[in-house]
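Report on one structure; see the data block that follows.
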Amino acid sequence: MRRAVALAYENIRTGGGPFAALIVKNHQVVAQGVNRVAATNDPTAHAEVVAIREACKALGTFQLTGCDLYASCEPCPMCLGAIYWARPVRVFYAGTAGDAAAGGFDDAFIYDEIKLPHAARRIPMAQLLHEEGIGIFKAWLAKSDKTPY
């Protein structure tokens, strides 16, 4: 955890955001990531996502079986989703979502948005081509050589 915190401080010093994450397996750091949103113009380049991508690349898998994730702050909703898809064993964090909000990184509105009907969200969502969408999943289910996840 101290390494994640130190990386977050270093990222601030070098012009990045105040977030860092590590993926650890068998007491060895597999990958690390820092917030790269502004540096890469990528809104998904949060520290946890960067670390997950690097760890999966290093391990040659899309699941972090047997791994722990250490983050300098409690994961945001996007990172939480990525974490659940990656399936590490545990997540440890230093700062809380409330601490992040006090630092100008408040993501509570996203949780509120998820609860709203699609059309009532800040970014309205509407369904199109439902039958065609269903067809995609029928094709997936019919595929005999798929990699389940």
Side-chain angles (χ1 to χ4, degrees), residues 1-130 132-134 136-137 140 146-149:
M1 183 57 73
R2 291 190 195 287
R3 185 164 172 185
V5 170
L7 283 170
Y9 274 118
E10 180 61 24
N11 203 44
I12 293 169
R13 283 190 290 276
T14 59
F19 302 99
L22 303 170
I23 307 293
V24 175
K25 185 170 188 173
N26 299 325
H27 307 288
Q28 298 293 319
V29 175
V30 175
Q32 62 187 36
V34 295
N35 182 282
R36 307 278 302 141
V37 171
T40 60
N41 293 319
D42 179 355
T44 69
H46 288 201
E48 296 92 333
V49 173
V50 172
I52 288 168
R53 288 174 180 163
E54 292 300 316
C56 288
K57 190 183 310 178
L59 295 171
T61 182
F62 57 85
Q63 293 184 346
L64 299 177
T65 306
C67 294
D68 291 325
L69 187 150
Y70 292 82
S72 61
C73 189
E74 183 178 359
C76 75
M78 178 186 68
C79 293
L80 187 60
I83 289 165
Y84 271 94
W85 283 117
R87 297 180 177 92
V89 176
R90 295 173 296 214
V91 174
F92 302 97
Y93 59 90
T96 67
D99 299 329
F105 297 91
D106 191 357
D107 54 23
F109 78 95
I110 297 172
Y111 290 107
D112 295 336
E113 287 283 304
I114 291 170
K115 297 172 193 171
L116 295 174
H118 292 158
R121 294 178 180 171
R122 290 183 193 184
I123 301 173
M125 298 181 183
Q127 184 178 37
L128 301 173
L129 301 177
H130 186 217
E132 287 85 342
I134 292 171
I136 296 166
F137 292 106
W140 169 256
K146 64 182 168 278
T147 301
Y149 53 96

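Keep in mind the model is a prediction, meaning the values are calculated, not measured.
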If you compare all heavy atoms of Glu74 against all heavy atoms of Ala97, which two are closest, and at what distance to 0.1 Å?
OE1-N, 2.8 Å
Note, Cys67 side chain near Leu59 side chain (heavy atom, < 4.5 Å)
yes
Inspect the surroundings of CZ in Arg2 and state if more than 12 heavy atoms from other residues, nucleotides or ligands are less than 6.0 Å away.
no
Looking only at heavy atoms, which two atoms of Gln63 and Cys56 are closest? And how far apart?
N-SG, 4.4 Å
Spatial distance of atom CH2 (Trp85) from atom OH (Tyr149) [nearest 0.5 Å]:
7.5 Å
If you compare all heavy atoms of Asn11 against all heavy atoms of Gly17, which two are closest, and at what distance to 0.1 Å?
ND2-O, 2.8 Å
Compare every heavy atom of Ala86 with every heavy atom of Ile52, then report the nearest pair and how far apart it is.
CG2-CB, 3.9 Å
Any donor-acceptor pair under 3.5 Å linking the side chain of Asp106 with the backbone of Ala108?
yes
Pairwise side-chain contact, Thr65 with Arg87, heavy-atom cut-off 4.5 Å (strictly under):
no
Separation of Asp107 CG from Glu113 CD (nearest 0.5 Å):
12.5 Å
Enter the distance from Arg36:CZ to Asn41:CG here, rounded to the nearest 0.5 Å.
10.5 Å
Measure up the Phe92 and Tyr70 rings against each other and bin them: parallel (under 30°), tilted (30 to 60°), perpendicular (over 60°).
parallel
Test applied, side-chain contact (heavy atoms from CB on, under 4.5 Å); reference residue, Ile83; option that passes from Val91, Val49, Leu64:
Val91
Interatomic spacing from CG in Leu116 to CZ in Arg121 - rounded to 0.5 Å
7.0 Å
Would you compute the distance between atom CZ of Phe109 and atom CG of Asp112 and round it to the nearest 0.5 angstrom?
9.5 Å
Least distance between heavy atoms, Val37 atom then Asn35 atom
N-OD1, 3.3 Å
Looking at side-chain heavy atoms only, is the closest gap between Tyr93 and Cys73 below 4.5 Å?
no
Give the minimum heavy-atom separation between Ala71 and Ala4, together with the two atoms involved.
C-CB, 4.4 Å
Are the side chains of Pro18 and Phe105 in touch, meaning some heavy atoms are under 4.5 Å apart?
yes
Look up atom CZ in Arg53 and atom CD1 in Ile23, then write down how far apart they are to the nearest 0.5 Å.
12.5 Å
Could you tell me whether Tyr111 atom OH has more than 12 heavy atoms of other residues or ligands within 6.0 Å of it?
yes
Between Arg3 and Val24, is there a side-chain heavy-atom distance shorter than 4.5 Å?
no
